[in-house]
Amino acid sequence: MDKVKMVFFLKPDAVIRRYVGARTLKTLLERVEGIDFLTFIKLNPGREFLANQHYVEHKGKFFFDWLVSFTTISPIYFMMISTTPEKIEEIRRILGPTLVQKAAIEAPGSIRGKYGIYGGVNVAHASDSKESAIRESKIWEDYIKKIYGNKIYQKTPIEVRKEIEGYIEEFIDYPIIDNTRYIELSRELEEDSSKRDMMKEKFIHLISKETSEDFINDQNKPVEKLAEILVRNVLLKK
């Protein structure tokens with residue numbers, strides 16, 4: 001079967017929550033055979049690119065502005081993967097349903113079922129079909145070439161895999177908060193929106209236990225921004 005390129009990236013919640021990102025990548029490496037990682041790049045995608053290209057299909061939906069904001073609160077780790085259409089489906093199954101609450105019930109052993117926080121704060125993005133893989137790989141390839149030039153694929157799949165393994169080794173022993181606690185707080189906020197400020201502080205407290213000093217001390221305040229994203233996520237109205 002002919003191979004296609006697909007897009008996979010760790011979203012800010014998985015980057016900031018160090019163990020979550022490491023465990024997600026470890027799961028991918030261990031459970032999916034026959035895929036080649038072509039890139040492993042730390043990126044700060046621009047709002048214009050996300051809004052007008054990557055997430056353009058969601059423009060006009062109630063969560064669109066939130067989604068774009070969420071994806072820009074910290075760097076992401078971007079991977080271009082060479083694989084077959086059937087492996088795209090396998091990766092999506094391992095990742096789990098988009099909504100965390102649904103993943104927790106229908107696929108509790110999936111990545112999102114285990115490590116997603118709530119709603120769309122769901123660890124990672126993966127192309128969900130051959131068609132979306134073709135579209136997404138093309139726009140991301142063009143976008144990254146503007147940053148890196150033709151050096152986007154300067155490393156071999158073996159070298160890229162070693163980089164991913166290095167990332168896993170660096171962060172796999174970080175502490176983690178059971179996502180059940182995030183879900184409990186999110187549901188409490190859902191029932192009483194007047195607790196917004198209090199819940200934001202609780203989210204900051206939890207996230208700070210899972211992240212590294214560089215994020216805690218970052219002047220752009222990614223920990224606080226993620227906490228605010230969690231609050232907005234709960235209070236989104238259709």
Is it true that a side-chain atom of Lys202 and a backbone atom of Asp197 form a donor plus acceptor pair closer than 3.5 Å? no
I would like to know whether Arg161 and Thr156 meet side-chain hydrogen bond (donor to acceptor under 3.5 Å, both in side chains); could you show each step before the answer? CA-CA 9 Å; Arg161 182 174 282 261; Thr156 67; over 6 Å; no
Salt bridge check, Glu89 against Lys130: does any charged N sit closer than 4.0 Å to a carboxylate O? no
Residue list, ring pair (Phe, Tyr, Trp, His ring centres under 6.0 Å) with His58, at least two apart or on another chain: Phe63
Counting heavy atoms not belonging to Glu48, are there more than 12 under 6.0 Å from its CD? no
Result of checking Ile168, Val123, Ile111, Ile172 against Arg23 for side chain to side chain contact (heavy atoms under 4.5 Å, CB included): Ile172
Do Phe37 and Ile158 sit in the same hydrophobic cluster, where Ile, Leu, Val, Met, Phe, Trp and Tyr count as joined when their side-chain heavy atoms come under 4.5 Å apart? no
Is a side-chain donor or acceptor of Tyr115 paired with a backbone partner of Asn122 at a separation under 3.5 angstrom? no
Would you indicate whether Lys102, at its atom NZ, is surrounded by more than 12 heavy atoms from other residues, nucleotides or ligands within a distance under 6.0 Å? no
Residues which pass ring pair (Phe, Tyr, Trp, His ring centres under 6.0 Å) with Tyr167, listed by chain and number, not counting sequence neighbours: Phe40, Tyr77, Phe171
Any chance you could measure Thr72, atom OG1, to Ile229, atom CD1, to the nearest 0.5 Å? 7.5 Å
Salt bridge flag under 4.0 Å for residues Lys26 and Glu165: no
Among the clusters formed by ILVMFWY side chains lying less than 4.5 Å apart, do Val56 and Met6 turn up in the same one? no
Just checking, is any N or O donor in the side chain of Arg135 or Ser127 under 3.5 Å from an acceptor N or O on the other one? no
Sequence neighbours excluded, which residues qualify as ring pair (Phe, Tyr, Trp, His ring centres under 6.0 Å) partners of Tyr55? none
Ring centres under 6.0 angstrom apart (Tyr143, Phe49): yes
Does either side chain, that of Glu190 or that of Tyr118, offer a donor lying less than 3.5 Å from an acceptor on the other one? yes
Please identify each residue that fulfils side chain to side chain contact (heavy atoms under 4.5 Å, CB included) with Thr39, with sequence neighbours left out. Ile41, Phe78, Met80, Ile152, Tyr153
Could you pull out all residues at least two apart from Lys59 that satisfy side chain to side chain donor-acceptor pair (under 3.5 Å)? Asn52
Rounded to the nearest 0.5 Å, what's the gap from CG on Leu95 to OG on Ser110? Could you check? 7.0 Å
So, does Arg31 use its side chain to make a donor-acceptor pair with the main chain of Ile91 at under 3.5 Å? no
Can you establish whether the number of heavy atoms outside Lys42 located under 6.0 Å from its atom NZ is more than 12? no
Could you tell me whether a side-chain N or O of Arg92 sits under 3.5 Å from a main-chain N or O of Ala126, the two making a donor and an acceptor? yes
ILVMFWY network linking Leu189 to Leu236, side-chain heavy atoms under 4.5 angstrom: yes
Any side-chain to backbone donor/acceptor pair from Asn179 onto Gly116? Under 3.5 Å, distance only. yes
Between Thr211 (side chain only) and Ile207 (backbone N and O only), is there a donor and an acceptor less than 3.5 Å apart? no
Side chain to side chain donor-acceptor pair (under 3.5 Å) filter on Lys145, not counting sequence neighbours, yields none
So, the side chain of Arg112 versus the backbone of Gly96: is there a donor-acceptor pair under 3.5 Å, distance only? yes
